[in-house]
Amino acid sequence: MALKWYTIVVDCRDAQAQARWWAEALDWVVVHDTAEEAVAVPRHALEEHEEGPVRDLETWMRRGQGLVFVPVPEGKTLKNRLHIDLAPHSSQDRDAEIQRLLDLGATRVDVGQDPEQVTWTVLADPEGNEFCVLSSRDS
């Protein structure tokens, strides 16, 4: 038997704003939005969901993960122990994608990386959660 990695849950002050920000950053869709949580999923997952429940285990296991944002009273105080890595396709302009994220409200973050030796850029979302933009790739 295998379990499916279903979602990543992100604690935040403003779950709705975080869900909208990440949906815009990833070109995803917010599919659930209540006071208790907001959920963003890839567009293709939404389209697949509209076709009804997935009965085939193999198809269900291949469906992408979502992001769930839940409100908490405390703010972020330390570096994340877990973070998301994003990668542009080799046909995309990596620097333009980083600028798009900065324009959406991301900030550059120094977590001790040496910019001369790494191939990724560390950014933070509007609530300070670190994530990386990797080098372009096609696999």
Side-chain angles (χ1 to χ4, degrees):
M1 178 173 15
L3 294 174
K4 176 182 175 41
W5 170 18
Y6 199 70
T7 62
I8 293 177
V9 179
V10 181
D11 291 350
C12 48
R13 291 271 183 139
D14 188 338
Q16 289 68 34
Q18 284 290 89
R20 287 189 306 271
W21 190 89
W22 278 98
E24 174 109 14
L26 298 171
D27 192 27
W28 285 14
V29 181
V30 175
V31 295
H32 181 75
D33 190 352
T34 68
E36 292 79 31
E37 68 180 7
V39 179
V41 300
R43 288 183 186 281
H44 69 84
L46 178 64
E47 293 162 4
E48 292 169 0
H49 182 69
E50 290 172 351
E51 296 173 7
V54 176
R55 307 255 183 243
D56 173 54
L57 177 62
E58 187 176 326
T59 302
W60 183 75
M61 291 293 283
R62 284 194 312 260
R63 185 179 276 178
Q65 293 76 23
L67 291 170
V68 177
F69 300 90
V70 296
V72 295
E74 70 276 0
K76 181 180 175 299
T77 57
L78 301 170
K79 177 182 172 290
N80 292 7
R81 301 269 320 251
L82 173 74
H83 69 266
I84 297 172
D85 284 346
L86 306 177
H89 187 264
S90 58
S91 66
Q92 292 175 280
D93 181 340
R94 179 181 178 277
D95 291 337
E97 287 300 313
I98 290 171
Q99 187 58 53
R100 182 180 69 82
L101 294 168
L102 293 169
D103 291 345
L104 287 174
T107 54
R108 292 184 184 273
V109 178
D110 182 351
V111 294
Q113 73 276 22
D114 180 350
E116 301 298 318
Q117 302 218 346
V118 299
T119 59
W120 61 86
T121 300
V122 183
L123 300 175
D125 70 17
E127 288 202 11
N129 299 300
E130 298 93 3
F131 63 96
C132 295
V133 179
L134 306 176
S135 58
S136 299
R137 46 198 72 201
D138 56 16
S139 60

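Just so you know, these numbers come straight off a predicted model, no measurement behind them. Numbering of residues begins at 1 and proceeds along the displayed sequence.
- Separation of atoms CD (Q18) and SG (C12) is listed at 5.0 Å; rounding is to 0.5 Å.
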Extract all donor-acceptor atom pairs below 3.5 Å that involve side chains of residues 131-139 and protein atoms in other chains or at least two apart in sequence.
| from | atom 1 | to | atom 2 | distance (Å) |
| --- | --- | --- | --- | --- |
| S135 | OG | R137 | NH2 | 3.0 |
| R137 | NE | S135 | O | 3.0 |

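- Between V68 and I8, every side-chain heavy-atom pair lies at or beyond the 4.5 Å cut-off.
- Note that NZ of K79 and CZ of R81 are 9.0 Å apart. Values are rounded to the nearest 0.5 Å.
- Salt bridge present: R100 and E97 bring a charged side-chain N and a carboxylate O closer than 4.0 Å.
- Both L123 and F69 belong to a single network of hydrophobic side chains, linked directly or stepwise wherever heavy atoms of I, L, V, M, F, W or Y lie under 4.5 Å apart.
- By the 4.5 Å heavy-atom criterion applied to side chains, V9 and E37 are not counted as neighbours.
- Contact between W5 and Q65 at its shortest, heavy atoms only, is O-CG, 3.0 Å.
- Scored by the side-chain hydrogen bond (donor to acceptor under 3.5 Å, both in side chains) test, N129 finds D125 as partners (sequence neighbours excluded).
- Rounding to the nearest 0.5 angstrom, the gap separating the OG1 atom in T121 from the CD1 atom in I98 is 3.5 Å.
- Clustering ILVMFWY residues whenever any of their side-chain heavy atoms sit less than 4.5 angstrom apart, transitively, puts V10 in a cluster other than the one holding V70.
- Among all heavy-atom pairs drawn from A19 and V30, the shortest one is O-CG2, 3.7 Å.
- To the nearest 0.5 Å, atom CH2 of residue W22 and atom CG of residue L104 are 10.5 Å apart.
- Across W21 and G105, no two heavy atoms sit closer than the pair NE1-N, 3.9 Å.
- Using a 4.5 Å heavy-atom cutoff, the side chains of L26 and L67 are in contact.
- Identified under the side chain to side chain donor-acceptor pair (under 3.5 Å) test for residues 102-119, with sequence neighbours left out: Q99-D103.
- Not counting sequence neighbours, the partners of D27 by the salt bridge (Lys or Arg N to Asp or Glu O under 4.0 Å) test are R43.
- The salt bridge (Lys or Arg N to Asp or Glu O under 4.0 Å) check on E130 picks up K76, with sequence neighbours excluded.
- Residues meeting the side-chain contact (heavy atoms from CB on, under 4.5 Å) test with K4, sequence neighbours left out: Y6, W60, M61, R63.
- I84 and W28 fall within a single hydrophobic cluster, where Ile, Leu, Val, Met, Phe, Trp and Tyr are joined by side-chain heavy atoms under 4.5 Å apart, directly or via other members.
- How far CH2 of W120 is from CZ of R94: 10.5 Å, rounded to the nearest 0.5 Å.
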